[in-house]
Q: 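Below you'll find the structure I mean.
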Number of protein chains: 2
Amino acid sequence: MNKKIKDKYELHAQVLKALSHSTRLFIVNELARNEKCVCELQELIEDDISTISKHLSILKQAGIIEDRKEGLRVYYRLRLKCLPMFLSCVENIIIEKTKMQFELLNLSSKQ
Amino acid sequence: MNKKIKDKYELHAQVLKALSHSTRLFIVNELARNEKCVCELQELIEDDISTISKHLSILKQAGIIEDRKEGLRVYYRLRLKCLPMFLSCVENIIIEKTKMQFELLNLSSKQ
DNA sequence: TGGCTATTTTGCTATTATATCAAGTAGTCA
DNA sequence: TGACTACTTGATATAATAGCAAAATAGCCA
C-alpha cells in the first residue's frame, strides 16, 4: 500500500478510534440530543471526572465534538451531524452479526 | 451508566475498533468493490501475510466481512453494505476538522 | 502418500491505550 | 485576596493491540 493512501486511511482510523469506546459512544449519543456540560455527563456516567474529561478531549481532538465555556462550566456539543446515521449503520452490523450467530446455533442443534 | 446500556455500547465499540486501523479500512474499501482472496489483498498491501490474515479475522469476527473457500483460496467479501456511506461520513469529519484547523491558522496569522 | 500452495494460528516483543490519583488551571464571588 | 467550584493535565501502572516469524492446517495434484 503506498504511503499517500496509507496516510489517508490513517486519518480515517483516528476518527474511528476516537469513537471505539463505550463511554465515548455514550457521550456522543447524549450530545446528539443536546449539548451538555462535563458535570451533567459525569452524573450520567458515574466515572471519575478526570476520566470523562480525558474522553472528551479525545473526541474533541478527533473533531467529533466542540466545546464552549459558560462561567465555570464547559459545554460540549456534537460537531458531526451525520454521526447518528453512521451509528445506526453500526447497529445494523450488530443485528446482522447476531442473526448469523443465531442461525449457526440453529444449524448445530439440528445435527 | 447502567450495565445494560454499557454493554450495548461495548458491542458498538467492538465494531468500530475493528474498523480503526488503516490496513483494515483499506481492506474494507477494496472489498466494497468486489470480493478478493487473501493473496490478492497481500499483493496490494505488501505486509506479511500472517498480519493480513489477522486483520481479516478481526473484521470477520466483528461481522463486517465474510469468507468463502474456493480450492486453496479464501475469498472475502463485505457483509455490511451501508459501510461505504458510513465511511463517507467519517470523510466529512476529517474535512470539517481540517477546515477548522485552517481557520485557526488564519486567525492566528492576523494577530 | 508426499510435496506444494494458500491461509491460519501461536509465541513473542514492542507499542499504544486506559484508568486513576494527585496536582494544576480558570472562573466566580465574598 | 483567598476560598470554592468545574474542569484539565501529568505521572504511572496495567491492559490491549500490532507485527513478525515459525509452526500448524487444509486442499490440491502427481
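Note on naming: letters A, B, ... go to the chains in the order of the sequence lines (proteins, then strands), and numbering restarts at 1 for each one. Please read all numbers here as calculations on a predicted model, not as lab measurements.
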Q: How is Y75(A) classified with respect to the nucleic acid when contacts are heavy atoms under 4.0 Å: base, sugar-phosphate, or nothing?
A: nothing
Q: Distance check needed: dG27(C) P versus R68(A) CZ, whole Å only.
A: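 Going from CZ in R68(A) over to P in dG27(C) covers 15 Å.
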Q: To the nearest Å, how far apart are D67(A) CG and dA26(C) P?
A: 14 Å
Q: Nearest whole angstrom, please: distance from the C1' of dA18(D) to the CG of L25(B).
A: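 Whole-Å distance recorded here is 15 Å.
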Q: In terms of ring plane angle, is the pair F86(A) and F86(B) parallel, tilted or perpendicular, where the classes change at 30° and 60°?
A: parallel
Q: Counting distance only, does the side-chain N/O of E40(B) pair as donor-acceptor with the main-chain N or O of C37(B) below 3.5 Å?
A: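 Flag set: sc E40(B) to bb C37(B) pair under 3.5 Å.
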Q: Mark up nucleotides 25-30 of chain D, 5' to 3', with B wherever a protein heavy atom is under 4.0 angstrom from a base atom, S wherever such an atom reaches only the sugar-phosphate, and - elsewhere.
A: -BBS--
Q: Using a strict heavy-atom distance below 4.0 Å, which residues from residues 37-56 of chain B are in contact with DNA chain D?
A: D48(B), S50(B), T51(B), K54(B), H55(B)
Q: To the nearest Å, how far apart are M1(B) CE and dA19(C) P?
A: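 Computing the M1(B):CE to dA19(C):P distance gives 10 Å.
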Q: Provide the closest heavy-atom pair for N92(A) versus C82(B) in the form atom of the first, atom of the second, distance.
A: ND2-SG, 4.2 Å
Q: Of the options dA18(D), dC7(D), dT18(C), whose atoms approach the side-chain atoms of I58(B) most closely?
A: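 The answer is dA18(D).
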Q: Select from S57(B) and S20(A) the residue whose nearest nucleotide in DNA chain C is closer to the 5' end of that strand.
A: S57(B)
Q: Just verifying a value: how many Å separate K17(B) NZ and S22(A) OG, rounded to the nearest 0.5 Å?
A: 8.0 Å
Q: So which atom in K36(A) and which in N34(A) form the shortest heavy-atom distance, rounded to 0.1 Å?
A: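 Minimum heavy-atom separation between K36(A) and N34(A): NZ-OD1, 3.0 Å.
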Q: How are the rings of F26(B) and Y9(A) set to each other: parallel, tilted or perpendicular (split at 30° and 60°)?
A: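 F26(B) vs Y9(A) ring planes: perpendicular.
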Q: Under a 3.5 Å distance rule, please check whether S57(A) uses its side chain to pair with a backbone N or O of K54(A) as donor and acceptor.
A: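 Such a contact is found between S57(A) side chain and K54(A) backbone.
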Q: For dT8(D), does OP1 or OP2 lie under 4.0 Å from any side-chain N or O of Y76(A)?
A: yes
Q: Quick one: K6(B) NZ to dT18(C) P, roughly how many Å, whole number?
A: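 Nearest whole value for this atom pair: 12 Å.
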Q: Rounded to the nearest Å, what distance is computed from the CD atom of residue Q61(A) to the P atom of nucleotide dT16(C)?
A: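 Computing the Q61(A):CD to dT16(C):P distance gives 15 Å.
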Q: Specify the separation, in whole Å, of atom CD of E10(A) and atom P of dT16(C).
A: 11 Å
Q: Expressed in angstrom and rounded to an integer, what is the separation of K36(B) atom NZ from dA6(C) atom C1'?
A: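 About 18 Å, once rounded to whole Å.
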Q: Please check: side-chain N/O of Q14(A) versus main-chain N/O of L11(A), any donor-acceptor pairing under 3.5 Å?
A: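 Such a contact is absent between Q14(A) side chain and L11(A) backbone.
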Q: Please report the closest heavy-atom contact between T23(A) and D47(A), naming both atoms and the distance.
A: OG1-OD2, 4.3 Å
Q: For a quick test of reading the model: is some side-chain N or O of R73(A) closer than 4.0 Å to OP1 or OP2 of dT28(C)?
A: no
